[in-house]
Amino acid sequence: MTTEFAVKATGLVKTFAGQEVIKNCQMAVRKGTIYGFLGANGSGKTTVFKLLLGLLKPDAGTIEILGKNSSINRNKILKSIGSIIETPLFYEHLSANENLALHLAYMGAGSADIEKTLEMVGLKSAGNLPVSKFSLGMRQRLGIARAIIHNPHLLVLDEPVNGLDPMGIREMRELFLHLVKDRNMTIVISSHILSEIEHIADAIGVIVNGRIVEEAALSSIKDRFSDGLEDFFFNIMSGNGGGINAGINEA
Ligand SMILES: Nc1ncnc2c1ncn2[C@@H]1O[C@H](COP(=O)(O)OP(=O)(O)O)[C@@H](O)[C@H]1O
Ligand SMILES: [Mg+2]
């Protein structure tokens with residue numbers, strides 16, 4: 001089955017201890033695009049990502065990943081996704097190389113060029129170093145390496161540039177654009193930093209208190225809001241809405 005969407009979620013609900021944290025969420029991400037998922041801290045970004053990855057089970061709603069229902073095809077789908085959720089965890093006493101090799105074995109991914117992948121994320125000379133010696137920024141880079149090394153179709157990146165300096169943020173931005181353009185990946189990336197998203201996204205979803213209040217193409221936002229994403233975002237946060245209906249990203 002072919003579909004133009006890498007992610008299509010509808011009616012997602014997630015409740016923790018009687019509290020509805022995710023409320024009737026929808027998300028539609030076109031293949032070959034970068035979807036920026038924006039929201040304040042605590043708005044529900046990580047929870048939505050965990051639902052997409054099957055790390056949490058929704059109380060209601062459906063999720064299609066690359067055209068397949070995720071509750072039925074979970075294991076197969078997971079092999080075609082790369083992800084970084086919150087702060088990535090590693091085997092501390094093992095080297096970066098060993099951590100990536102274990103990940104490949106776990107994913108049943110066979111051979112992949114570990115050295116090349118480490119070079120892509122700027123960790124060329126750190127492959128033999130135990131992860132316990134890594135700085136926060138190096139861990140984040142290694143997390144990105146682990147997310148991409150099995151050449152997934154879909155990347156789900158939860159605030160992936162936390163802990164990186166401005167130069168590192170720019171390098172990762174270029175890497176993400178490269179992965180979409182040259183490796184046919186689709187990227188869903190969350191952030192609470194608007195400028196980070198504005199530089200790379202094709203479409204934007206904004207989540208406020210567990211509800212996706214706007215979904216729109218970045219170009220249409222820029223047409224309507226002269227100051228760009230920041231203008232759009234603050235308009236939403238002040239309760240005016242973005243001026244664009246949710247669902248505009250739909251076919
Ligand atoms: N396992 C959990 N148990 C209870 N509450 C949770 C759990 N995970 C997240 N929450 C709550 O859900 C809300 C959304 O959290 P989260 O998805 O982490 O937001 P974000 O990633 O946007 O900062 C927060 O109020 C958070 O406290
Ligand atoms: Mg989060």
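Just follow the structure's listing: the first ligand is 1, and inside any ligand the first atom is 1.
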Heavy-atom protein contact below 4.0 Å for atom 27 (O) of ligand 1: no
Flag: protein heavy atom within less than 4.0 Å of atom 24 (C) of ligand 1: yes
Ligand 1-proximal atoms of T47, by part, heavy-atom distance under 4.0 Å: both
Is it the case that atom [atom1] in [X] sees more than 12 heavy atoms from other parts of the structure closer than 6.0 Å?
| X | atom1 | answer |
| --- | --- | --- |
| E115 | CD | no |
| F16 | CZ | yes |
| E20 | CD | yes |
| L89 | CG | no |

Interfacing atoms of ligand 1 (cut-off 4.0 Å, heavy-atom, N41): 23 (O)
Per-atom contacts, ligand 1 versus V21 - under 4.0 Å to a heavy atom: 12 (O), 13 (C), 14 (C)
Please list the nearest protein heavy atom to [atom] with its residue and the distance rounded to 0.1 Å.
| atom | answer |
| --- | --- |
| atom 1 (N) of ligand 1 | F16 CE2, 3.5 Å |
| atom 19 (O) of ligand 1 | G44 N, 3.2 Å |
| atom 18 (O) of ligand 1 | T46 CB, 3.7 Å |

Short N/O/S contact of S190 with the Mg ion (ligand 2) (below 2.8 Å): no
Contact with ligand 1 for A40, non-hydrogen, under 4.0 angstrom: yes
Contact with ligand 1 for G42, non-hydrogen, under 4.0 angstrom: yes
Check: K45 N/O within less than 3.5 Å of ligand 1 N/O: yes
Test log, rule ring-ring contact (aromatic ring centres under 6.0 Å, His included), inputs F134 and F90: CA-CA 11 Å; F134 276 34; F90 302 100; 7.6 Å; no
M172-V180 co-clustered via ILVMFWY side chain contacts under 4.5 Å: yes
Ring geometry between Y35 and F37 (parallel below 30°, tilted from 30 to 60°, perpendicular above 60°): tilted
Sequence neighbours excluded, every pair satisfying salt bridge (Lys or Arg N to Asp or Glu O under 4.0 Å) that has a member inside residues 170-190: R141-E171
